[in-house]
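Heads up: the structure comes next, in structure tokens.
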Amino acid sequence: MKHFDAKLHVKGKSIFAGDIPEPEGTLHAAVFTSQHAHGRILSLDTSKAEGFPGVIRVVTAGDIPGENEIGNIVMDEPLLAGDTVHFIGEPVAIVLAETRSQAYKARNAVSMEIEELEAVTDPREAARQGDLIVPPRTFSCGNIHKAESDCIHLISGTAETGGQEHLYLETQSSLCTPGEGNALQITSSTQSPSFVQKIAARVLGLPIHLIQVDVLRLGGAFGGKEDQATPWAVMAALGTHLTGRPVKLILKRHEDLINTGKRHPYSCDFRIGLNEDGKILLWEVDYYQNSGAVSDLSTAILERSLFHSTASYFIPNVVATGYCCRTNLAPNTAFRGFGGPQAMFAMEAAIHKAATETGLPVEKIQRINLLNPGDTFPYGMEYTCNEVRSSWELAEEFSHIAETRRSVQEFNSVNRYMKKGISMMPVCFGISFTTTFLNQANALVHVYTDGSVAISTGAVEMGQGVNSRIRQVAGEIFSIPVERTRVESTNTSRTANTSPTAASSGADMNGNAAGIACREIRGRLLKVAAEKLNCEAGNLYLKNSMVWNRNGKTDISWDQLVAAAYMNRTALSSHAHYATPGIHFDKKTEKGRPFAYHVAGTAVTEVTVDCLLGTYRVDRVSIVHHGGNQLNPLLDRGQVEGALLQGIGWVTMEELAWDEKSKRLQADTLATYKVPDISFTPDNVNILFVEGEELEDGVGLKGSKAIGEPPFMYGIGAWFAILNAMKAFSPEAFPGYTAPMTPERVLLALTEKNRS
Ligand code: LUZ
Ligand code: MOS
């Protein structure tokens with residue numbers, strides 16, 4: 001079954017926030033932001049802008065009727081800067097004008113005087129200064145001091161991973177319209193409608209029920225709209241509240257690149273200890289997370305790094321410590337993988353370094369340490385299935401690894417400047433929000449008198465196809481064609497207190513909530529049918545839009561059944577709540593069962609590096625992915641392919657650079673920030689989906705597993721394949737365990753060796 005939005009998208013008929021016809025009297029907002037990374041505001045002059053044509057009002061912190069301090073976990077983020085600014089791009093004033101171009105022209109006339117303060121962008125420097133968002137946190141198990149004496153090899157090193165721009169196609173967008181009294185309706189391109197609603201209420205000093213947030217669909221998000229859609233939506237709401245007029249706020253691409261946070265860069269110190277067989281006995285790691293200027297979701301992201309510190313491996317003695325370092329960059333935020341990729345890169349770097357120093361093959365160390373059923377993670381949860389190891393073994397077969405290795409060797413022996421490299425990348429990712437209470441969802445289902453079905457859930461459609469999956473669930477329970485179902489916009493008046501559509505769990509949780517509501521209605525309908533047929537409801541079921549009993553098809557159709565139920569005054573709507581079962585976590589002991597299950601798989605990546613130019617191509621990626629009993633194989637494939645390429649981009653060409661002195665983002669246009677395009681896409685991406693472990697009822701979605709984030713980390717394999725190719729050219733070439741591996745970095749590492 002296809003993605004239901006596909007046709008709309010290719011015809012340009014899908015509606016995004018910016019496509020909604022502007023109501024009469026709509027004002028356009030342009031946001032004046034800080035041009036300094038850190039400073040005290042000496043004066044802010046909006047008077048000139050106020051006199052510009054079309055300008056209705058310029059809003060500053062003093063105009064906020066409620067709280068100016070917002071935030072997700074810690075309330076440390078001013079909606080509009082008060083007396084200091086903490087990053088370039090920090091919102092200071094909102095210019096409201098009759099047209100967009102008037103708003104932007106007037107915005108350029110706002111002026112601000114700043115007394116510069118020292119700006120820090122290096123997380124280790126922030127840590128040295130003690131500028132942490134929360135105290136450090138440690139996950140541990142076993143006893144590393146005792147383990148030390150059993151280790152033959154003790155290897156330490158560092159690993160660095162860069163940030164990443166989300167580059168959703170649709171920039172941050174919102175439109176707010178006034179209702180009666182103080183009521184407001186906000187259309188926002190957000191993954192978290194309920195969060196926008198709550199923060200708008202807080203900033204305006206209103207009860208939550210006066211604010212309705214509606215989301216039809218997003219043009220991509222990738223985590224970038226889990227938390228960071230909120231301030232822009234709330235600024236629009238503030239404008240409407242203060243002027244009584246609709247306000248539209250859509251960031252231009254250049255602004256979006258500068259003003260919004262990205263994936264967190266990490267700087268890590270590690271120590272890995274192995275016995276003579278290559279068994280990892282000890283793992284000690286410190287993560288210095290570059291959190292940016294305010295907390296945002298940084299603490300939760302660091303927590304996920306700690307959960308994934310041992311990646312796909314079993315290690316008996318572990319101490320993993322994380323530091324959320326406050327810096328003067330735009331607040332870094334959720335991004336597909338949510339701290340997992342950074343931790344997994346550090347682990348793979350350590351294994352690679354251990355292999356280089358001990359002479360053991362990397363794959364041997366990886367393989368011998370893969371998780372086995374019955375192994376316990378440092379956070380106390382048992383790994384119960386065999387998918388890490390089975391995906392590894394299947395990936396060896398699927399990619400014809402022995403043959404591939406031989407042909408790589410042969411290629412490298414006959415080519416002087418072109419070298420091929422290969423790597424294996426196992427992935428094991430925990431599914432559930434690590435913040436346990438977020439693992440809940442709700443749904444509202446209506447069956448109309450003509451038999452058509454409308455479903456509302458807390459899930460946000462952002463291109464991932466969650467609505468298609470939810471329709472499949474409803475279609476199957478009612479046994480009607482999916483075309484007779486519809487998923488409504490995500491609206492806080494129909495589904496309240498919803499969690500963000502995030503953590504790969506949107507389809508699992510909202511699909512289950514929709515399923516509960518549909519089954520409730522089906523039960524009522526079958527009772528109606530039983531009365532008509534004079535039999536037990538338990539003997540009846542729905543199939544192919546008909547009521548069936550033990551002897552086969554009855555003559556009651558779905559349409560007749562629904563009509564009869566209505567005439568009979570039977571409720572045709574149901575609201576349901578779902579809470580992921582069996583999960584818990586104790587932050588005092590840092591132990592528990594935080595995840596409903598794990599998703600695992602293995603990627604084999606082959607690359608070719610041009611060692612004269614430093615450029616490279618990813619030739620082939622072979623992936624064995626345990627997806628459960630797939631509900632929608634086509635959507636799953638799309639998610640794996642997209643995530644893989646996004647992961648490859650993160651470790652290869654996507655490089656964020658900030659000017660050393662001004663701390664200004666230099667990669668602030670698509671001319672300077674490079675992402676993989678169609679020509680960089682590997683010629684061969686072969687994916688084998690394997691069912692694997694059976695999930696309990698009510699976990700996953702109808703036996704299928706979450707797909708959004710886990711495949712991102714397959715991309716990490718490209719970094720190591722490139723390094724291996726470089727080593728075939730020059731064994732001493734070493735670029736540092738630093739991602740991204742840009743062509744520049746490749747070339748420098750190769751030539752540095754040649755110079756020495
Ligand atoms: N968001 C969140 C997430 O709030 N908690 C999580 O554990 C998470 N994991 C992945 C992506 N987003
Ligand atoms: Mo997310 S990184 O919004 O699942």
Side-chain angles (χ1 to χ4, degrees), residues 71-74 133-134 137 139 164 166 168 190-196 198-199 218 220-230 261-264 266 289 291 294-309 311 322 324 331-344 377 379 381 427-441 458-460 462 464 466 497-510 579-580 583-585 587 590 592-599 639 642-643 646-647 650 705-713:
N72 192 310
I73 300 164
V74 188
I133 284 169
V134 290
R137 217 169 140 187
F139 279 24
Q164 187 175 24
H166 302 86
Y168 27 68
T190 177
Q191 293 171 252
S192 305
S194 289
F195 184 56
V196 168
K198 184 168 121 183
I199 298 299
L218 317 186
F222 311 111
K225 296 167 180 174
E226 181 172 340
D227 201 58
Q228 297 211 359
T230 303
K262 304 171 193 320
R263 184 187 295 285
H264 294 78
Y266 272 46
Q289 178 199 63
S291 308
V294 302
S295 65
D296 192 273
L297 288 161
S298 295
T299 56
I301 290 158
L302 183 83
E303 182 180 55
R304 193 174 271 279
S305 304
L306 294 171
F307 279 115
H308 291 101
S309 80
C324 288
N332 288 319
T333 194
F335 196 141
R336 208 172 197 170
F338 207 74
Q342 294 93 325
M344 292 185 199
F377 289 103
Y379 49 90
M381 182 172 174
V427 170
C428 179
F429 193 79
I431 301 300
S432 289
F433 287 92
T434 61
T435 305
T436 304
F437 76 83
L438 290 175
N439 295 288
Q440 54 177 320
V460 168
M462 50 188 121
Q464 86 282 43
V466 65
N497 312 320
T498 61
S499 294
T501 300
S504 307
S505 64
D508 279 15
M509 295 206 304
N510 293 282
T580 311
I583 51 172
H584 52 88
F585 193 71
K587 284 197 182 185
E590 305 286 24
R593 191 179 184 282
F595 300 122
Y597 57 90
H598 290 84
V599 170
Q639 287 295 301
Q646 201 167 34
W650 175 53
K705 287 188 158 190
I707 192 82
E709 295 172 289
F712 179 90
M713 285 147 280

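First listed ligand is number 1; within each ligand, the first listed atom is number 1.
Contacts with ligand 1 closer than 4.0 Å are made by side-chain heavy atoms of E709 only, the backbone lying farther away. Under 4.0 Å from ligand 1, heavy atoms of A503 appear from its side chain as well as its backbone. Of the heavy atoms in R304, only side-chain atoms (C-beta onward) come closer than 4.0 Å to ligand 1.
F712 carries R263 over the face of its six-membered ring, with the cationic atom under 6.0 Å from the centre and within 45° of the normal.
Residue contacts with ligand 1 include L438, since one of its heavy atoms falls under 4.0 Å from the ligand.
Ring orientation note: the planes of Y266 and H264 are nearly perpendicular, at an angle over 60° on the 30°/60° scale.
Residues F338 and E226 share a closest heavy-atom pair of CE1-OE1, 4.0 Å.
Remark: the backbone N or O of D227 is not paired with any side-chain donor or acceptor of N72 at under 3.5 angstrom. Judged by distance alone, the side chain of T436 and the main-chain N or O of F433 form no donor-acceptor pair under 3.5 Å.
With F585 as the fixed residue, the ring-ring contact (aromatic ring centres under 6.0 Å, His included) test singles out one of F377, F437, F307, Y379: F307.
Note: no N/O pair closer than 3.5 Å links T435 and ligand 1 by distance alone. Taking any N or O of T434, backbone or side chain, at least one lies under 3.5 Å from an N or O belonging to ligand 1.
Taking all heavy atoms of F429, F222, F433, F595 into account, the minimum distance to atom 5 (N) of ligand 1 is reached by F433.
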